[in-house]
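Quick notes on the structure that follows.
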Number of protein chains: 2
Amino acid sequence: MSTAPDGSRATIRAVARLAGVSASTVSRALNAPELVNAETRRRVLECADRLGYQPNRAAQSLVLGRTRNVGLIVPDIANPFYAPFIKGVEAHFRDTEYAVFLADTDEDTATEVRLAEAMSERVDGLILCAPRMSGTRLRTVASKTTIVLANRVSRAAPSVLLDFRPGMEQAVAHVHALGHRRCAYLAGPANSWSNRQRRRYLAAGCAARGIELVELGPYEPRFTGGFRAADEVLAQDVTAVFAYNDLVALGVLSRLTARGVPVPARPGTPGGLSLVGFDDVPMASMTHPPLTTVAMPVTALARAAAAAMHAMLAEGAPGAPPPPPAAELATRLLIRGTTGPI
Amino acid sequence: MSTAPDGSRATIRAVARLAGVSASTVSRALNAPELVNAETRRRVLECADRLGYQPNRAAQSLVLGRTRNVGLIVPDIANPFYAPFIKGVEAHFRDTEYAVFLADTDEDTATEVRLAEAMSERVDGLILCAPRMSGTRLRTVASKTTIVLANRVSRAAPSVLLDFRPGMEQAVAHVHALGHRRCAYLAGPANSWSNRQRRRYLAAGCAARGIELVELGPYEPRFTGGFRAADEVLAQDVTAVFAYNDLVALGVLSRLTARGVPVPARPGTPGGLSLVGFDDVPMASMTHPPLTTVAMPVTALARAAAAAMHAMLAEGAPGAPPPPPAAELATRLLIRGTTGPI
DNA sequence: CTGAAAGCGCTAACAC
DNA sequence: GTGTTAGCGCTTTCAG
């Protein structure tokens with residue numbers, strides 16, 4: 001059994017006593033097998049096993065100065081965009097000595113700050129996905145623990161980034177080729193890096209091609225945000241819509257369908273709309289019609305973030321983090337059913 | 001700043017030195033203010049603050065024997081059913097001394113076991129949501145840490161449970177009232193407690209009313225599981241379908257719509273289907289038509305689980321857990337647009 | 001009300 | 001190869 005008769009857990013000394021060696025030898029047998037006689041080691045391991053010995057992590061952490069935990073903070077676990085990110089990070093650390101601790105900020109900056117602070121005391125490193133906190137705050141957190149940023153740049157810590165440009169460029173070119181000349185952008189959270197990026201490349205692409213772009217919102221980046229957006233879009237005189245993300249796009253699609261507005265426009269019939277999303281969440285390919293969207297290589301992003309963190313941790317550099325590498329991962333347009341000629 | 005010039009963090013002794021007191025006094029000023037002179041305490045607090053002192057959690061854990069972390073393991077964070085559960089638990093522990101560590105098993109039993117084991121070393125308590133591991137395994141984990149189960153019963157630990165019966169009863173009665181006499185149940189994972197519960201009450205309700213129930217599956221409990229299910233349902237001669245959960249139902253709805261099968265049946269036209277889901281995920285109310293489904297009071301369940309855990313932790317009972325309370329929370333049918341007369 | 005001392009369980013020099 | 005010793009940073013008796 002794993003617990004002694006009195007309910008307390010076996011310590012390294014108990015194992016040592018049972019095996020007739022010192023605590024150091026047990027420690028070595030466990031952590032540096034090559035430093036100990038094969039036979040001794042066998043005996044120690046057997047005794048440890050017999051007592052159900054598990055090293056006390058607090059004691060290890062205290063002496064080693066590391067927890068072997070890494071934290072992962074995302075804005076909203078319910079957002080399908082983050083699911084593959086989370087799973088990617090978890091997958092990377094599975095079968096390593098690290099455990100991944102996940103937390104969700106509910107898209108709230110104050111919660112994010114509190115969580116980052118609580119976590120930073122309990123982990124060796126923290127992966128912050130699309131954090132909304134200020135640069136100053138970020139610096140504070142970075143001074144306490146090793147940080148890797150995903151989808152956010154800062155001088156305070158290295159980042160892994162999605163390169164929005166190719167996808168956005170392709171989206172604008174596609175819509176332009178279909179004849180659209182007046183489009184709407186349904187903005188997401190104003191303080192979000194993703195929103196700024198999307199808007200920026202969209203604006204640039206539209207300007208370059210003589211497309212007039214009207215910005216609506218901000219909307220909450222969820223399905224219901226799209227409902228509200230849909231009605232406001234209809235009040236504008238546009239023929240195509242770029243939504244902040246797929247969830248919003250799906251909400252727009254749903255509401256538009258309910259109001260009888262064809263997506264995309266039916267040739268010859270006025271009043272239809274073309275619709276482009278961002279993220280390529282699983283649901284996007286399953287609607288009627290399936291959503292034209294810009295796909296993000298989220299799993300690759302996750303892997304990059306996890307690998308960067310793992311490397312920084314391994315480096316053992318307790319001082320300043322290594323030179324921030326900023327991996328960029330290209331997005332691309334997936335043309336499906338919600339875009340058509342004007 | 002929070003770090004000393006040399007990058008190392010301030011210790012309790014540093015604070016003590018600066019304040020001209022002993023480490024014990026600093027500790028007391030922080031943890032038991034009433035035991036220390038008000039003025040001394042003020043000074044200590046000020047010094048602590050000035051040095052950016054943060055107690056080392058590993059050291060605290062070591063001496064206190066507790067981590068002030070609680071773990072939460074769910075089958076799939078991407079499943080919208082679990083999102084409110086997670087948020088409910090997180091909300092409960094926000095502003096407590098505990099941090100919640102979340103992990104996701106990817107619906108995989110082996111991963112679940114590994115995670116539970118890794119977590120149990122790092123937390124004071126573990127909330128297991130709909131665990132799939134064996135009773136034996138559960139007992140092993142329960143011997144290492146305090147456990148609360150959600151949607152699963154076991155002698156090894158207390159549970160909070162949803163009472164599926166009222167919702168299922170209502171669903172069957174509803175479908176029966178609409179004239180359906182031959183229905184299908186699209187089963188979820190065979191080893192899942194939820195699946196067993198649903199099937200059981202469904203079977204009982206149908207039997208009591210003379211409805212013939214054919215069971216199909218198991219299907220993976222996701223949108224895509226519903227695609228496959230839809231085609232298999234069409235090959236059966238049924239008029240109504242109970243899906244394992246909303247995701248599956250949504251997949252069925254999508255596929256049925258694509259194949260031109262009306263949901264619900266159009267009066268007078270043969271071949272339509274009525275459809276009932278379970279969970280009431282957000283998306284369920286947003287489809288066309290909106291999904292008739294059995295709503296689960298998930299947030300209440302989460303609160304109950306968190307409260308139970310918190311109580312057990314507070315009790316400080318390091319030995320055996322208190323008598324397992326098994327809270328039961330009633331489900332209910334939400335009649336929306338996917339059910340209609342035969 | 002405060003300080004000195006002991007020790008939580010473990011690892012890492014340093015001897016032998 | 002293995003044992004001895006000395007802490008890691010904190011809390012908590014026990015004296016005063």
Side-chain angles (χ1 to χ4, degrees), chain A residues 2-4 6-45 47-48 51-68 97 121-122 124 144 316 318, chain B residues 2-4 6-45 47-48 51-68 97 121-122 124 144 316 318:
Chain A
S2 64
T3 53
D6 67 339
S8 66
R9 310 212 311 148
T11 73
I12 201 171
R13 305 172 104 79
V15 178
R17 205 171 315 126
L18 185 60
V21 298
S22 75
S24 324
T25 300
V26 176
S27 177
R28 280 190 285 256
L30 263 23
N31 304 318
E34 69 283 6
L35 294 183
V36 65
N37 179 295
E39 165 54 18
T40 312
R41 186 172 125 231
R42 201 199 49 68
R43 199 171 67 245
V44 167
L45 261 28
C47 294
L51 295 177
Y53 171 70
Q54 300 249 116
N56 177 316
R57 298 196 83 91
Q60 289 187 138
S61 294
L62 180 56
V63 65
L64 295 179
R66 24 180 259 134
T67 60
R68 289 182 295 173
E97 58 180 333
E121 305 174 12
R122 310 175 203 234
D124 296 335
K144 295 199 209 156
Chain B
S2 64
T3 53
D6 66 340
S8 66
R9 311 211 313 146
T11 74
I12 201 171
R13 304 171 104 79
V15 178
R17 205 172 314 125
L18 185 61
V21 297
S22 75
S24 326
T25 299
V26 176
S27 177
R28 281 191 283 255
L30 263 22
N31 303 318
E34 70 283 5
L35 294 184
V36 66
N37 180 294
E39 166 54 18
T40 313
R41 185 174 124 229
R42 203 199 48 68
R43 199 171 65 246
V44 167
L45 261 29
C47 294
L51 295 177
Y53 171 70
Q54 300 249 117
N56 177 316
R57 296 196 86 88
Q60 288 187 140
S61 293
L62 180 56
V63 64
L64 262 14
R66 21 180 261 133
T67 60
R68 289 181 296 173
E97 58 179 334
E121 304 174 12
R122 311 174 202 235
D124 296 334
K144 293 199 214 162

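To find a chain, count down the sequence lines: A is the first, B the second, and so on, and within it residues start at 1.
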**Prompt:** Starting at CZ of B:R66 and ending at P of C:dG9, how long is that distance when rounded to a whole Å?
**Reply:** 16 Å
**Message:** Once rounded to the nearest 0.5 Å, what's the spacing between atom CD1 of A:I12 and atom CG of A:L51?
**Reply:** 12.0 Å
**Request:** Look at B:T40 and C:dC1 and indicate whether a side-chain polar atom (N or O) is within less than 4.0 Å of OP1 or OP2.
**Result:** no
Under 3.5 Å, which protein N or O atoms sit close to an N or O of nucleotides 10-13 of chain D? Give each pair with its distance.
from	atom 1	to	atom 2	distance (Å)
D:dC10	OP1	B:Y53	OH	2.6
D:dC10	OP1	B:N56	N	3.0
D:dC10	OP2	B:I12	N	2.4
D:dT11	OP1	B:N31	ND2	2.9
D:dT11	OP1	B:Q60	OE1	3.0
D:dT11	OP2	B:S27	OG	2.9
D:dT12	O4	B:S24	OG	3.1

**Request:** Before accepting this row, confirm whether a basic side-chain N of the pair A:R68/B:E121 lies closer than 4.0 Å to the acidic partner's carboxylate O.
**Result:** no
**Message:** Nearest 0.5 Å, please: how far is OG in B:S61 from CG in B:D124?
**Reply:** 7.5 Å
**Message:** Whole angstroms only, please: what is the CG-P distance between B:L35 and D:dG16?
**Reply:** 20 Å
**Bending between helix ends of the helix from C:dC1-D:dG16 to C:dC16-D:dG1 [5 pairs per end, 10° resolution]** = 40°
**Message:** Minimum heavy-atom separation for A:K144 and B:R9, please, with both atom names.
**Reply:** CD-NH1, 4.4 Å
**Complete:** Heavy-atom nearest pair, B:V44 first then B:V15, reads O-CG1, 4.0 Å
**Asked** NA contact type, A:S61, heavy-atom cut-off 4.0 Å: base, sugar-phosphate, or nothing?
**Response** nothing
**Asked** Atom CZ of A:R43 and atom C1' of D:dT2: how far apart are they, to the nearest Å?
**Response** 11 Å
**Message:** What is the distance, to the nearest angstrom, from the CG atom on B:L62 to the C1' atom on C:dC8?
**Reply:** 4 Å
**Item:** salt bridge (Lys or Arg N to Asp or Glu O under 4.0 Å) contacts touching residues 10-37 of chain B (sequence neighbours left out)
**Value:** none
**Request:** Kindly point out which of C:dC1, C:dG3, D:dT4 is positioned nearest to the side chain of B:N37?
**Result:** C:dC1
**Item:** Nearest atoms (heavy-atom pairs only) where A:S22 meets A:A16
**Value:** C-CB, 3.6 Å
**Request:** Would you give the length of the straight line joining atom CG of A:N37 to atom CZ of A:R41, rounded to the nearest 0.5 angstrom?
**Result:** 10.0 Å
